[in-house]
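Structure, as C-alpha cells:
Every number for a ligand or one of its atoms is a count from 1 in the order of the listing.
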Amino acid sequence: MFVDNELHQSNIRRGLVTLFNRVLSKRIIAAICSSMSNNIGRKRADYVFDHDIIRSSSLELVAHEIYDKNSAGNTAELGVFRGEFAQKINLAFPDRKLYLFDTFEGFAKEDVEQEKMKGYSKKQHNFSKTSEELVLKRMKFPENCIIRKGYFPETAKNIEDTFVFVSIDADLYEPIYNGLRYFYPRLAQGGYIFVHDYNNTKTYPGTKAAVKKYCSEMNINFFPLSDIAGSAIIMK
Ligand SMILES: C[S@@+](CC[C@H](N)C(=O)[O-])C[C@H]1O[C@@H](n2cnc3c(N)ncnc32)[C@H](O)[C@@H]1O
C-alpha cells in the first residue's frame, strides 16, 4: 500500500495540536482559574470538568464581591433549561433564594415569531427535554429554589424582591429585552446581571441587539466577558 509520508506526518502533527488544544489547554485554563479563585476554595479538578470555566469562575468571583460588600438581595435565572448554570448559582449563594424562570417546554411561539419578524435567529434549538423535578434534583440547596414555570415576563408578576445576581440566558431578543427591563430596576447596588450569548452573533444575534438597545436607553455600561459565546456583564 502506498503511504504518503509527508501527509501521514502532517496528520499526526494536526492530531497532536488538537490533543493539546482540547486537553492540555483546558488544564492550563483550569490552573489559572483555580489560582484566581483560590480564596473561594474551589479545587483545580472542579474546573477541568467544567465546560465553561471562564463563566463559572467569574460567577464565583462576583459572588465573593457580593458577600464581601454584604449586598442584600436574592438571585434568579431567566432561561434555565436543565439547570446547568442554575446549579452553580445555587452553590455560590447558599443563603439566597434562587428564582428559576422557564417554560420548561422550550421557546414560546410568540417570541419565535418576533425573532423571525425582526430578522434575528432563523433556527432555534429545542429546549423541551427538561422538567422542574430534573432541575431541582441537581441543586445542592433545593429549598432555596422558587420555580416560576411559564411564559416570562408573565411569570414575574407579584414578586416583591430585589436581586444581587441574575443570569439571563434566554437566547431570543424578546425575552432578553424583557428580562433586562424587569431585572435592572430591581437590581441591588453592588449587584450583577450576566447576559449569556452576547457575542454569539451567528446563532443568536438578537441577544446583542437587546443588550445594546436596553443599555443605550438606560445609559448604562457593561463588560464583554470572553466566556463561551460571550456574556455581557452589567453592574449597578
Ligand atoms: C439556552 S437555554 C438555557 C440554558 C441554561 N441557562 C443552562 O445553563 O443550560 C434557553 C432557555 O430559555 C427559555 N426561555 C426562552 N424564552 C423564554 C420565555 N419568554 N419565558 C420562559 N422561558 C424562556 C427556554 O425555554 C430555554 O430553556
Side-chain donor/acceptor pairs under 3.5 Å, residues 74-84, sequence neighbours excluded:
unit_1	atom_1	unit_2	atom_2	d
Asn74	OD1	Lys97	N	2.8
Asn74	ND2	Asp161	OD1	3.1
Asn74	ND2	Asp161	OD2	3.1
Thr75	OG1	Lys97	O	2.8
Glu77	OE2	Ser167	OG	2.7
Arg82	NH1	Lys129	O	2.5
Glu84	OE2	His51	ND1	2.9

| query | Who's touching ligand 1 if we go heavy atoms under 4.0 Å? | reply | Glu77, Gly79, Val80, Phe81, Glu84, Phe85, Asp102, Thr103, Gly106, Phe107, Asp111, Phe127, Gly150, Tyr151, Phe152, Asp169, Ala170, Asp171, Pro175
| said: Are Tyr173 and Tyr204 an aromatic pair, judged by ring center distance below 6.0 Å? | reply: no
| field | salt bridge (charged side-chain N to carboxylate O under 4.0 Å, His left out) between Glu217 and Lys213, intermediate numbers included | value | CA-CA 6 Å; Glu217 280 167 1; Lys213 182 162 190 279; 2.9 Å; yes
| Linking Ile, Leu, Val, Met, Phe, Trp and Tyr by side-chain heavy atoms under 4.5 Å, what else ends up with Met117? | none
| request: Any salt bridge (charged side-chain N to carboxylate O under 4.0 Å, His left out) involving residues 196-212? Give me the pairs, sequence neighbours left out, ordered by first then second residue. | output: none
| said: Looking at Arg186 and Tyr182, would you say the former's side chain and the latter's main chain have a donor-acceptor pair under 3.5 Å? | reply: yes
